[in-house]
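See structure below.
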Amino acid sequence: MAAAAAGPGPGSGPGDSPEGPEAEAPERRRKAHGMLKLYYGLSEGEAAGRPAGPDPLDPTDLNGAHFDPEVYLDKLRRECPLAQLMDSETDMVRQIRALDSDMQTLVYENYNKFISATDTIRKMKNDFRKMEDEMDRLATNMAVITDFSARISATLQDRHERITKLAGVHALLRKLQFLFELPSRLTKCVELGAYGQAVRYQGRARAVLQQYQHLPSFRAIQDDCQVITARLAQQLRQRFREGGSGAPEQAECVELLLALGEPAEELCEEFLAHARGRLEEELRSLEAELGPSPPAPDVLEFTDRGGSGFVGGLCQVAAAYQELFAAQGPAGAERLAAFARELGGRYFALVERRLAQEQGGGDNSLLVRALDRFHRRLRAPGALLAAAGLAEAATEIVERVARERLGHHLQGLRAAFLGCLTDVRQALAAPRLAGKEGPGLAELLANVASSILSHIKASLAAVHLFTAKEVSFSNKPYFRGEFCSQGVREGLIVGFIRSMCQTAQSFCDSPGEKGGATPPALLLLLSRLCLDYETATISYVLTLTDEQFLVQDQSPVTPVSTLCAEARETARRLLTHYVKVQGLVISQMLRKSVETRDWLSTLEPRNVRAVMKRVVEDTTAIDVQVGLLYEEGVRKAQSSDSSKRTFSVYSSSRQQGRYAPSYTPSAPMDTNLLSNIQKLFSERIDVFSPVEFNKVSVLTGIIKISLKTLLECVRLRTFGRFGLQQVQVDCHFLQLYLWRFVADEELVHLLLDEVVASAALRCPDPVPMEPSVVEVICERG
Amino acid sequence: MEDDAPVIYGLEFQARALTPQTAETDAIRFLVGTQSLKYDNQIHIIDFDDENNIISKNVLLHQVGEIWHISASPADRGVLATCYNNTSDSKVLTCAAVWRMPKELEPGSHESPDDSSSTAHTLELLCHLDNTAHGSMACVAWEPTGDGKKVISLADNHILLWDLQESSSQAVLASSASLEGKGQLKFTSGRWSPHHNCTQVATANDTAVRGWDTRSMSQIYCIENAHGQLVRDLDFNPNKQYYLASCGDDCKVKFWDTRNVTEPVKTLEEHSHWVWSVRYNHSHDQLVLTGSSDSRVILSNMVSISSEPFGHLVDDDDLSDQEERRPEEKSQEPPQDSVIATYEEHEDSVYAVDWSSADPWLFASLSYDGRLVINRVPRALKYHILL
């Protein structure tokens, strides 16, 4: 086949087409391929490599499988002109010739090959015959060899067995020699300190010696060995006890001793006792650092030292123990756990003592880092010794410290609040001393509020360190839940706000009733502060807390509204107390002025009494003070001429207003009747009624208290004619200046009317002053 | 259960002085003194007919001056003492005197009220308590259980003990003591303790309450700063010998144990203005009555510091359903101090309140405009206490 394929190429030289071999050769070769394929029954499809040439089914394709000469000829005859026919005929003839010569060449070539192949086969036949003969010979020779070999081995059998026995004896002798030499070797090893080697020898010999101990010679060896072993063991123990060497060496000693068959229990005790000694040494050094002297290393260093010294040592001991005494089973593990528990407990006690020293300090980050180290360190022995509960205990300590820290911060916040109050007190007291303007109330309030808020934020930030992600204990359930909700939110923030309210309220209850140790301005300021808390700060702080400490705990927390209500109540009480205190101050002035004067023998009034001016001045001052912090508030709509309203009681025109004259000189019955009727129509005045959070309400409260006092005091005195007139003048003056401060100026009218009416009743000779004169005096004053 | 409506009686004049007729234990009778500078003052004897809810009055003229304080003798129904203003030469001096009522007005005489209003009787002066050397009289207090022969009067800063001799027609100053100190010290009020064999008197001046021993006329105890402001009145618990109630201008009522005067046992703060008067009920000391210049009278139930701290536990079948339930509730939880009622019948400051000496469930209050209101303890409470 290879020949057939290769053949036409070079061999087609003679019948080359006129177009040249280069163009013609591949085309023809492909044609030949096609033929061959056809011949071998390869389907057309498999010869698909061919470019999409003429349709293979085309009967006019010369190279096609379905070539039909008749159709082809017909086609040629029909389609082609004569010249072309001639050409194609020539072409055809030339092609046929070329094909003929090709065929001839192929036939020749293949024939030659066939001949040479036949020759080769014949030669091979000859060769094989020769080889067969030689193989036969080899077989016979081999049989002979086998025979000989068998004979030789039979001859050597005897000697071989003897050699084997001799070899066995030799080995035995060597072993014996080893045994005999053992004592000296052991001694040497012991002397050299190669304990490991010695123990290995001993281990190898022990079983044999044990087995043959009934033989006297072996027994002697065994005895010797035992003596040496005992010495060895003793030396090992000696080394073990000396302790100076580190834990790994000790572990080695114990390992060797165990190999020597020393009782494990006892060793284990001793091992632990040694470990205890070392660890106690660590604890002692830690304790020494704790010492009473203040310049102890900072807490981070302390926990570091404890972590690397004690906890590291404990880890080593535990690991070595578990490796060495694994065979001891649960009893051994229990012993180790007890050991770890005890020492761990002492370590924790030391750490707690150290941490307790830290409670006073302020640096949370250091503490948290120290706790983190401490906790992290204890995770290793915790994993190693789950039964000892070290990790849990450590977590507990951390939690406890965190709780204490919260308490500390709460204290800090309280102290800060009290500090703020002290500052305010000083600031309030200062201007009086210096005689110049101090910082305004509003400014003080802003200072206090911002300072408290910044303290709260600082505390939150400090406490937040405990829950930072990189801190190893922050994912404990306590720090994820209870710490955030109960500790920080409830304990710290809510607790602080509550305590702030309580502190503020305590100013109301304080025995300062007498003179008021608390400056009124402070009451006012605190009241405003609480009100601000109610309106904004509380919800802000709580939102801030909730955001910083994503509370996952489901336990109930104080809602914002409750706190707000508390703050509002506090604000209200403070403001009410402020009103009482200020009212009392003015009341005392009025009372003294009424009580100490001899009203019967007083002179005709020429002036408003100084005390009334003082009252108005003080009221104005209070108005300014309250105005700094509280909004104006609403007043009742007033008649247009309220400021010019004359005193109805003694006005000559006797206007019939709602506050008709309650006094008529000649008819006591009328007086009663009129005043009763008047009261029927006016609302009862609640003197110490709760106030609202605005300036007008506060001032109204203060003025009500003052005027009611004036009324009661006037009723206790007896007035002469001029005394009455003086009261008249004073009341008119008050009326002129006080109406503007109150929510309902009718209230002032009513109370002052009552004062004058009462004074008239208390006068045996009631001759009122002319209203015009009263007005003149008041205007002049 | 409906409570009876209050009974109101109006006087023509302003009035501050009120007292029950202490020696009278059958009829409900109050004495009221008026204050008028221009007219003759009167003492109204108010009789109250509990069954018919009717008030009858008798008027006695008290011509010497307006009455600031009145107190009735505990031994003789016809004897009373007043403190009155004497205005002369542009000077006011408050004097005190002991009086006897006309015989026909003493109980037993059934004079029709209509007549008495027209014919005013005059008091018979028994004696003056001479105070020219001591200053204005603030109040007069009778020895509570004696024979009506001993009287304490408070004059400015003096406390004076008088012996009334020869059927009260002569007052002899038995002993006296005075309060020394800075400033003008003035007693405002005083009460005679019914305990300790009537040897103790308590007085109020400014913010302090002081106790005195009448035998030696020396101070026994002193409650400094009993109130934030002026102390207006005090009263002894009739059943607990060391307990004392006080009230004052700080709107508070405080209860004291005189053995420990640093802290009040209890403080009430119900009034919205000065409290002028405080009175223990004579029989049931948990009932405390207060009157204030906020025009209100408040009746409080101070069970926790009374002599009957747990009330009575009863199992009475006769009670109505509602009544049956109450004692049960009571027995389960300790009783709470509470305000029983606030009476708002007055329209002016109430300066005096007092219990009737005859009926422990009845009390009177007097406001400045001359209105006297007689009220009763609510029946539910009354039965609760009794049963």
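Numbered from 1 within each chain, the chains take letters A, B, ... in sequence-line order. None of the values given here were measured: they were computed from a predicted structure.
For T709(A), the parts lying under 4.5 angstrom from a heavy atom of chain B are both the backbone and the side chain. With a 4.5 Å cut-off on non-hydrogen atoms, L711(A) does not touch chain B at all.
At least one donor-acceptor pair under 3.5 Å links the side chain of K38(B) to the backbone N or O of C763(A).
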Pair L761(A)-F13(B), side-chain contact (heavy atoms from CB on, under 4.5 Å): steps then yes or no: CA-CA 10 Å; L761(A) 273 175; F13(B) 300 105; over 6 Å; no
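Between atom CD of residue E754(A) and atom CG of residue D348(B) there is a gap of 6.0 Å, rounded to the nearest 0.5 Å. The CG atom of L230(B) sits 9.0 Å away from the SG atom of C713(A) when rounded to the nearest 0.5 Å.
Side-chain contact check for Q14(B) versus R715(A): every heavy-atom pair is 4.5 Å or farther apart. Looking only at side-chain heavy atoms (C-beta outward), T718(A) and Q35(B) stay at 4.5 Å or farther from each other. Side chains of R762(A) and E66(B) form a contact here, defined as non-hydrogen atoms less than 4.5 Å apart. Considering only heavy atoms from C-beta on, S587(A) stays 4.5 Å or farther from Q229(B) through its side chain.
Applying the side-chain contact (heavy atoms from CB on, under 4.5 Å) criterion to V339(B), with sequence neighbours excluded, gives E270(B), I298(B), S300(B), T342(B).
Taking both residues in full, the closest heavy atoms of L716(A) and W276(B) are given as CD1-CH2, 3.9 Å, listed atom of the first, atom of the second, then distance. Across every non-hydrogen atom of S293(B) and K708(A), the tightest pair is O-NZ, 2.9 Å.
Annotation: cation-pi geometry satisfied between R591(A) and W274(B) (NZ/CZ under 6.0 angstrom from ring centroid, within 45° of ring axis).
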